[in-house]
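Encoded as structure tokens, the structure appears first; notes follow it.
We count ligands from 1, going down the list as the structure has it; atoms in each ligand are counted the same way.
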Amino acid sequence: MTHENTLRSSRWFAREGKDGFIYRAWLKKQGIPAYELEGKPIIGICNTWSELTPCNSHFRDLAEAVKRGILEAGGYPLEFPVMSLGETLMKPTAMLFRNLVSMDVEESIRANPLDGVVLLCGCDKTTPALVMGACSVNLPTIVVSGGPMLTGQHRGQRIGTSDIWRFSEAVRAGHMTSEELLLAESGMCRSDGHCAVMGTASTMACMVEAVGLSLPQNAAIPAPDTARKVLAQQSGVTIVQMVRQNRRLSDILTREAFENAIRVNAAIGGSTNFVIHLLAIAGRIGVPLSLQDMDTFSAGIPLLANLQPSGSFFMEDLYYAGGLPAVIHALLSHLHTNCLTVNGQTIGYNYANAPSYNKEVITTIDAPFNTLSGIVVLQGNICENGAVIKPSAASTHLMQHTGKAVVFEDIDDYKRRIDDPALEVDENSVLVLKNAGPIGYPGMPEVGNLGLPAKLLAQGITDMVRISDGRMSGTGFGTVVLHISPEAAAGGTLALLRDGDMITLDVPRRRLHAELSLEEIARRQQQWQPTWQAAPRGYVQLYQQQVEQAHLGADLRFLKGNSGSEVTRDSH
Ligand code: FES
């Protein structure tokens, strides 16, 4: 048990004289009675609420539920804001700012009189950004996710974010009118919450539950379901217990916990963004984890959750079918069951009794929806440090494919020419996008699932091999190779590709290869001139100078690791 005098916050509130006076008096101005600051665990609620992050717009309510739990357990809550990341609105891409937010979170926690932290996470990047920042401090920490939206509705059809890509292609192919697209827009987002499919937000919510950073059922309870607030209140109770028992992030985020997360991600058909965020989180907490681990530990894990974009259903359906606990339960024989979780129990204990109530949504390991799952890591002369593909979202007939490259120097070049009737492209071509990586764009946007040329869409073609150094929305799908490292802007072979080069994708053999001799590559390297723009100042300049490549998690070099939670020197 932690004695009240050993609480970190006692370095502020148990002080005598001028310093203690200042610390307490200014908090009391919010109407806080003196006894609330006497020996109680002070819990920070790190809130990413913002009207500019629509997925997190209900977080003020959620924070109130967390506060009730903290008070109930004898702690005292202090809510604080950090920069929020709205995936749909931020330009050039929310990913550019993930590391910036992690700095905000880290320094806000360390600088303040906090004994434990509740992270309110929702829209895609808010989860990794907050977890990364908290890892660099390593206090007792729990995640409460905002929960997914209710399933969208359009003309009797259930729709979700993955349908945006289908609708957009249907309009370009002339199969859907712009008026109908506008109607669908109004039925997409029916409630509070983040994207209703197994996109990046849901993937990250599943990740935190799989590694033990949240209470069971955190991942899938819909945002408007009253059970979400119950879970938030229980999480408030739990964080106070975690402080009293000094259960820190590093006790939970072990190498085995990361391996569990990779396996669970395979079973749910999680987003490729999982890769880049998990690597970055491991880098902060100091657990060795490599890109290759993503392939190694997801190999042999079949798809157990039938969720879009890999399957048919929505997050709401996952919850009604038993939630992530039912998936983890089905997978227990493949997991490290002794991993510790926030409630002090192990994964094996928490998920021992979690049946699936709907086998169409959550199946068993013996009768999976797809034996192809997880993340495949590709190697070859186009990606010396690796690239990734998500087989469950790809087309079987393209998993082994050789075709001529149609090269776009950047996303603007692609937009200018993709629908040009004169573009030399057919369904066997390989679309190549350069300069969409961390440095080149900058920020590694979700543009990798390039829309197909309109003339091929009109012929009924629905998928082609596409390769890039960018990312893909977790809601996206297709035979899409992503995260090529080194990126084009860093002078990788991707930068040297030209129209007509023969490119081979061989997923079973983990290979992505351009038929170019070493001499030809060397010749092109000598002629290569970088085309990306360096930012003249500010955070973006720092980002471009410091960002690591995708295979390392795209964190900033100087942010890796952690600095602990020592209370720094006083200035009074
Ligand atoms: Fe926020 Fe999809 S846009 S989760």
Side-chain angles (χ1 to χ4, degrees), residues 47-59 62 82-98 101 119-131 143-152 158-168 184-209 214 218-225 228 265 268-274 276-277 307-310 313-316 318-319 324 390 393 443-449 470-477:
N47 201 338
T48 48
W49 169 86
S50 168
E51 288 178 341
L52 291 169
T53 306
C55 301
N56 298 14
S57 60
H58 57 303
F59 278 19
L62 203 62
V82 289
M83 181 180 174
S84 193
L85 297 175
E87 194 65 29
T88 50
L89 300 178
M90 293 191 89
K91 293 186 184 301
T93 168
M95 181 64 177
L96 179 61
F97 307 109
R98 182 198 67 177
V101 173
L119 305 176
L120 298 190
C121 306
C123 198
D124 295 12
K125 309 299 177 292
T126 55
T127 303
L130 268 55
V131 174
V143 175
V144 177
S145 299
M149 292 184 244
L150 297 178
T151 309
R158 306 173 83 215
I159 60 170
T161 320
S162 298
D163 290 298
I164 297 172
W165 318 120
R166 291 188 193 99
F167 292 158
S168 140
E185 184 181 304
S186 300
M188 180 63 71
C189 302
R190 295 175 46 234
S191 75
D192 286 335
H194 56 247
C195 289
V197 298
M198 189 49 78
T200 303
S202 296
T203 298
M204 296 315 293
C206 290
M207 181 280 290
V208 297
E209 185 171 336
S214 74
N218 173 65
I221 302 171
D225 194 309
R228 175 62 58 188
N265 191 60
I268 60 175
S271 159
T272 45
N273 286 318
F274 167 89
I276 212 151
H277 298 321
L307 299 169
Q308 290 196 24
S310 299
F313 290 94
F314 296 87
M315 289 302 289
E316 192 181 346
L318 179 70
Y319 177 54
L324 191 69
K390 179 176 166 182
M444 207 181 174
E446 294 181 335
V447 295
N449 54 328
R471 296 178 301 118
M472 170 172 78
S473 165
T475 63
F477 49 86

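Remark: ligand 1 atoms within the under-4.0 Å shell around heavy atoms of His194 are 4 (S). Listed by number with element, the atoms of ligand 1 under 4.0 Å from a non-hydrogen atom of Ala201 are 4 (S). Proximity to Thr88 (heavy-atom distance under 4.0 Å) selects the following atoms of ligand 1: 3 (S). Close approach to Glu87 involves these atoms of ligand 1, each under 4.0 Å from a residue heavy atom: 3 (S).
In this structure, the protein non-hydrogen atom closest to atom 4 (S) of ligand 1 is Asp124 OD1, 3.2 Å.
Contacts with ligand 1 closer than 4.0 Å are made by heavy atoms of both the backbone and the side chain of Cys195.
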Worksheet entry | Residues Ser145, Val208; criterion side-chain contact (heavy atoms from CB on, under 4.5 Å); working and verdict | CA-CA 9 Å; Ser145 299; Val208 297; 4.3 Å; yes

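Using a cutoff of 4.0 Å between basic side-chain nitrogens and carboxylate oxygens, Asp225 and Arg228 are not scored as salt-bridged.
Under 2.8 Å from atom 2 (Fe) of ligand 1 lies no N/O/S atom of Cys55, from backbone or side chain alike.
Shortest non-hydrogen contact noted between Gly269 and Lys390 is O-NZ, 2.9 Å.
Rounding to the nearest 0.5 angstrom, the gap separating the OG1 atom in Thr161 from the CD atom in Gln308 is 9.0 Å. Atom CE of residue Met472 and atom CH2 of residue Trp165 lie 9.5 Å apart, to the nearest 0.5 angstrom.
Screening Leu119, Asn56, Leu120 against Asn47 for a side chain to side chain contact (heavy atoms under 4.5 Å, CB included) leaves a single residue, Leu120.
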